[in-house]
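Written out below as C-alpha cells is the structure these notes cover.
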Amino acid sequence: VQALRARGVPAALIDSGVSPKQRQGIYDMAHGGGLRILYVAPERLWTDDFLFFAQSTRIDLMAVDEAHCVLQWGNDYLRIGEFIAGLPSRPVVAAFTATATRSQVPEIAEKLGLDQPVRIGTGFDRPNIRFDALKLKPSARKRFILDWVDGHEGSGIIYCNTIKDCDSWAERLAKHGVDAAAFYAPLADRDKARIQDGFLAGSPRVICATTAFGMGVDKPDVHWVVNNGPCESLEAFYQEAGRAGRDGQPARSVVLWTDSNWRYRLQDHAGGALDDPELKERAERAALGRLDAMQQYCETDECLRRVLLDYFGEDQDREHCDNCGNCTYVADCDVNPQELRRRSRSTRRRGGTKADTGGKTGRKSGTEPEEEQQPYEPQPEDEAIVSFVAGRQKLIGRGFGDRKTILSLQGGTGEDIDDQGLDQVGGYGELTGMDEQTIKDRIETLVAAGLLKRGIYHTLLDGKETES
C-alpha cells in the first residue's frame, strides 16, 4: 500500500489492525470514487461492515493472492469462493500463486468458480538460489546458525516453528553482536510495522520469524534464508526460501532438520477445527501428503532442485543442477571450511556441543547417539569402491557425494564423469548391475571402518588422504 501511494495510486488496507472509524473512512473513500485498490485480509470478508460495503459497492476486479491457500482446510481462504459467489454482480476474478502444483491449478479454479480461465505460468525455477538440507539436532544447530550468520553478510531470515524459538534466537543473536529482531503474528501492529520497515531499510539485518513474516515484504536483497526445522509442506518451504535472491544475485536456502521433526509436525495435524468427520479426514490426509513431500526433500540423495521442480510439475532437462547440496559438495564461496574446522575443534576443546556442519547434510551426524561398531568384514565390491574413491581424489583433488560415486561405480555417464576423465579411474563401472542401496550400505561400512571418510561437505574421501 505504501509503495502504491508513493506512486500516486490511491490504495488502502483493511485488516485486524484498522479501527472501525478508519474502516468507515476507507468505505466512504471507495464510494466516492477516490480508491482504486483495496487490500483486505481474508478474515475480514465476512464481518458485517465489510459485507455491507461489498454488497453496496461495484467491484470491478477481485484478485486472490496466495491462491493455493484456498485448498487448505481450516483457514479463511477456504470461503473466498463463497464470498465471490454472493456478490450482487460477479467481478473479473484473478488468482495468483507461486507454489501451486500442476494438479492443484484446476482445483483452485474450481474453488474460485473460474470457468476456463486464462492461465499464465512463468516457471518455478530460481536458478540463483542454492539449496541445502542438513540433518542436525537442535543442539548442533545453535553452533551452525551462529557460524552461518557470522560468515554470511547481508540481510537474512531465520524461520522458526514456534514464537518461543523466534524470541530465543533473536536474543541469542543480539548477545552475539548481530542486529536481529523477532517477528510473529501476535506482535502489536505498530511493532510489526517498525520491524518490517527497519528490515527493508537494512536494520535489523536478521529477522527470526514464524511463517507470518514475508507476506507483502518486498525486499529484493535478502541474501539467505535458514529454516530452523522443516515446513509443513513444500509449498510453504518454497514460499519462504523464495524470499531470498529476488534481485537475481546468488542466494542461499538451508533447511535444518532431524528425525524428531516429523513426529512434531504430525502432531500439528490439519483439520482440527473441522467438525465434519469426512472433511476432517480429507484435510488430515492432504496435510500428511504435503508433509511427506517435505520429508522426501530433506532425506533425498537426488538433486534438491529437481525434487522441487518435479513436485510443482515442471520438466527438467538436467539430472543435476550443480547448485544444491546433493549435486555439488565442494566448499562454496560463502563458507571457509578451514574456519569451520577451527571453530569445531575450538568448541570441542571447550567441552561444548559437537556441531555437524556438513554440506548435504550430515546424514550420519556426529550429534547422533553412537551405535556399537560391528567388526569390519570385507566384501568383494569393497576393493572397487575404495580404489575408485582414492583414484578420483588423486586425479581431481577432491571428492563427490554418494550419488555421483555410486553412479560412476555402476558405469554411469554424464556431468563430472565424462568431462573429468573419471571413466578412466580404477573401479569405474566395476559394480554395474549391483543395486544402489547395496553399494550405499558398503560405503557406510567402509566409512565406519576408516577405509573411507567424509569430507566437510559430506564428500567421500580416501581414508588416508585429505581433500585439496
Side-chain angles (χ1 to χ4, degrees), residues 130-152 156-178 180-184 205-211 213 223-232 236-237 240-241 243-244 252-265 267-268 294-295 297-299 304 324-326 332 334-337 339-348 350-370 454 456-458:
R130 174 186 166 92
F131 295 96
D132 288 274
L134 312 184
K135 184 179 182 182
L136 291 177
K137 284 191 172 181
S139 56
R141 293 180 195 174
K142 293 180 181 179
R143 182 73 260 166
F144 176 86
I145 292 176
L146 290 174
D147 286 349
W148 178 272
V149 175
D150 280 345
H152 292 75
I157 304 172
I158 300 172
Y159 279 107
C160 307
N161 290 330
T162 67
I163 291 174
K164 181 180 178 181
D165 281 346
C166 292
D167 285 329
S168 296
W169 268 109
E171 182 179 352
R172 185 177 293 121
L173 289 171
K175 290 180 179 178
H176 196 65
V178 177
F183 187 100
Y184 36 78
R205 179 170 80 89
V206 178
I207 294 288
C208 305
T210 62
T211 192
F213 182 78
H223 290 187
W224 51 266
V225 172
V226 172
N227 287 85
N228 186 21
C231 299
E232 72 276 6
F237 166 71
E240 295 175 4
R243 288 175 185 134
R252 301 294 302 273
S253 162
V254 180
V255 57
L256 309 177
W257 66 281
T258 192
D259 292 327
S260 61
N261 287 135
W262 310 119
R263 293 191 293 273
Y264 165 78
R265 279 298 186 185
Q267 295 169 4
D268 238 359
M294 184 75 231
Q295 184 171 0
Y297 172 84
C298 290
E299 295 181 349
L304 293 176
C324 80
N326 285 357
D332 63 86
D334 291 335
V335 178
N336 183 329
E339 178 67 8
L340 286 173
R341 291 189 185 102
R342 184 190 68 76
R343 291 183 181 182
S344 179
R345 288 196 297 271
S346 175
T347 301
R348 287 196 293 272
R350 294 194 302 269
T353 301
K354 180 180 178 183
D356 181 348
T357 53
K360 159 93 200 126
T361 97
R363 192 173 299 281
K364 296 293 181 181
S365 169
T367 62
E368 300 288 345
E370 293 187 3
R454 298 286 184 187
I456 191 167
Y457 279 84
H458 210 60

Heavy-atom pair with the smallest gap, counting every atom of [X] and [Y]:
X      : Y      : result
Val225 : Tyr159 : CG1-CD1, 3.7 Å
Asn161 : Asn228 : ND2-O, 4.1 Å
Met294 : Cys231 : CG-O, 3.2 Å
Leu146 : Arg172 : CD2-CG, 4.4 Å
Cys166 : Cys160 : SG-CB, 3.8 Å
Ala180 : Leu173 : CB-CB, 3.9 Å

[atom2] on [Y] to [atom1] on [X], rounded to 0.5 Å:
X      : Y      : atom1 : atom2 : answer
His223 : Ile157 : NE2   : CD1   : 12.0 Å
His176 : Lys142 : NE2   : NZ    : 14.0 Å
Leu304 : Asn326 : CG    : CG    : 4.5 Å
Ile158 : Phe183 : CD1   : CZ    : 15.5 Å

- Among all residues two or more places apart in sequence or in another chain, which pass the ring pair (Phe, Tyr, Trp, His ring centres under 6.0 Å) test with Phe131?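 In terms of ring pair (Phe, Tyr, Trp, His ring centres under 6.0 Å), with neighbours along the sequence ignored, Phe131 is linked to no residue.
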Are the side chains of [X] and [Y] in touch, meaning some heavy atoms are under 4.5 Å apart?
X      : Y      : value
Glu240 : Asn227 : yes
Ser253 : Phe237 : yes
Trp169 : Val206 : no

- Gln295: partners by side-chain hydrogen bond (donor to acceptor under 3.5 Å, both in side chains), with sequence neighbours left out: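 If we apply the side-chain hydrogen bond (donor to acceptor under 3.5 Å, both in side chains) test to Gln295, skipping adjacent residues, the hits are Glu299.
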- Under 3.5 Å, side chain of Arg141 to main-chain N/O of Leu136, donor-acceptor pair present? yes
- Item | Test log, rule side-chain contact (heavy atoms from CB on, under 4.5 Å), inputs Phe144 and Val254 | CA-CA 11 Å; Phe144 176 86; Val254 180; 4.3 Å; yes
